[in-house]
Amino acid sequence: MTRIYLISILIVLAHLSGMAQDPSFSQFYQISHWYNPALAGNDEQEVKAGILYRRQWANDLNGYKTNAVNAEWAMRKIPFSLGLIILDDKAGNANLKTFNALISGSYKQKLDRNQDLSAGMQIGFVQRSINMDGLKWDAQYNGFQYDPSLDNKEREFSNRTGSKFDLAAGVYYKMTKPFEIGVGYAFHHLGQEQTYLQNGRDKLPIRQAVNIDFRKKFEKFGARVNALVQRQRGAMEYVVFGRGEYRFGYDSRYTTENNSSALYVGCGYRHGSAIIPTAGFNWQRKLEVGVSFDIVISKLNNATGFFGGPELVLIYRYRTDKRMRLR
């Protein structure tokens with residue numbers, strides 16, 4: 001069996017055993033309520049909509065392809081926000097697919113002028129499927145070459161499809177003075193009586209997520225640090241991102257009509273896995289384009305050649321509130 005197909009089968013086995021984590025993004029802060037529903041609508045603008053595309057192990061391994069559509073709406077007259085995520089993930093030559101359609105709701109309570117606390121819930125539909133026809137097995141080599149007409153002699157694996165409703169909940173605390181800092185905790189797959197594809201005694205493990213966000217603004221410059229820790233049974237993920245931005249253009253000192261643009265660069269680190277440089281452009285606080293790239297530093301670089309894969313983000317933000325600021 002070639003190295004490529006061996007790794008493909010390992011991808012499948014990791015998912016089916018429930019030990020691997022759910023689909024994830026390097027620029028996790030761009031789709032934050034996927035990790036914590038309390039963060040739905042927790043943005044400077046009332047409306048946020050975005051598209052995310054991620055490719056992992058994009059060479060001959062035919063690894064992970066993750067696409068997501070994200071929309072958030074922070075209501076003006078009540079402290080409530082809604083979020084919608086449509087996510088599609090495909091893995092390996094077996095086309096292991098996960099489709100998510102999730103709705104988040106978040107309520108924000110002001111503790112005082114500089115502090116607030118949010119709580120959120122998320123409910124949705126998850127469908128998973130696998131097609132084993134794309135794999136090659138040792139038994140299908142006739143001594144000279146691969147022969148797809150031969151019986152693969154595998155009886156433990158078959159094409160499957162499973163679906164389930166999913167539930168998550170989270171909380172988030174934020175302080176805005178003298179700098180902005182927030183801490184959140186969430187857990188996913190509440191009460192889900194399902195292994196990866198079908199009902200069984202070995203339930204899909206709860207995914208826990210802790211996020212820490214830091215932001216400091218200056219006149220023309222800004223600094224941000226975002227950290228994420230996730231645990232799902234035996235799998236752990238630690239990611240930290242640092243970004244610096246330079247802002248240029250016009251911002252009103254008296255109203256919320258701010259039209260400046262920004263360039264930003266940064267770098268992330270996924271513990272034991274990858275270094276993640278990133279760069280992007282934000283036009284008039286409305287349209288943002290960001291790109292990052294995973295440079296593999298784990299032992300998988302022997303197979304991937306350090307090529308973890310790119311991630312692209314396109315985001316649109318809109319705000320209707322143009323009332324006078326009080327100084």
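Checked against side-chain contact (heavy atoms from CB on, under 4.5 Å), Lys220 has the following partners two or more places apart in sequence or in another chain: Tyr246. Under the rule for a ring pair (Phe, Tyr, Trp, His ring centres under 6.0 Å), Phe28 has no partner lying at least two apart in sequence or in another chain. Partners of Tyr269 by ring pair (Phe, Tyr, Trp, His ring centres under 6.0 Å), not counting sequence neighbours: none found. In this view, Tyr29 and Phe241 satisfy the ring pair (Phe, Tyr, Trp, His ring centres under 6.0 Å) rule, not counting sequence neighbours. In terms of the side-chain contact (heavy atoms from CB on, under 4.5 Å) criterion, residue partners of Ser273 (sequence neighbours excluded) are, by chain and number, Arg270. In terms of the side-chain contact (heavy atoms from CB on, under 4.5 Å) criterion, residue partners of Asn282 (sequence neighbours excluded) are, by chain and number, Ala262, Arg285, Glu288, Arg317. With sequence neighbours excluded, no residue satisfies side-chain hydrogen bond (donor to acceptor under 3.5 Å, both in side chains) with Asp116. Residues satisfying the side-chain contact (heavy atoms from CB on, under 4.5 Å) test with Leu82, not counting sequence neighbours, are Trp73, Met75, Phe80. With sequence neighbours excluded, no residue forms a ring pair (Phe, Tyr, Trp, His ring centres under 6.0 Å) with Tyr316.
Without hydrogens or angle criteria, Asn36 side chain to Val210 main chain gives no donor-acceptor distance under 3.5 Å. Between the Ser118 side chain and the Val171 main chain, no donor and acceptor come within less than 3.5 Å of each other. Here the side chain of Glu311 pairs a donor or acceptor atom with the backbone of Gln27 at under 3.5 angstrom. No donor-acceptor pair closer than 3.5 Å links the side chain of Lys65 to the backbone N or O of Tyr53. Put simply, the side chain of Thr176 gets close to the backbone of Asn114: a donor and an acceptor are under 3.5 Å apart.
Using a 4.5 Å cut-off between side-chain heavy atoms of Ile, Leu, Val, Met, Phe, Trp and Tyr, Tyr172 falls into a hydrophobic cluster with Leu39. Other members of the cluster containing Tyr264 do not exist, because no ILVMFWY side chain is joined to it at under 4.5 Å.
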- [ ] Could you give me the CA-CA distance, side-chain angles and deciding distance for Asp294 and Arg54, then say whether salt bridge (charged side-chain N to carboxylate O under 4.0 Å, His left out) is met?
- [x] CA-CA 10 Å; Asp294 284 23; Arg54 176 171 173 78; 2.9 Å; yes
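Taking the six-membered ring where the residue is Trp, Trp34 and His188 present tilted rings, their angle falling between 30° and 60°.
Side-chain atoms of Thr66 and Leu87, non-hydrogen and from C-beta on, do get closer than 4.5 Å to each other.
Residue pairs meeting the salt bridge (charged side-chain N to carboxylate O under 4.0 Å, His left out) criterion with at least one partner in residues 175-189, sequence neighbours excluded, are absent.
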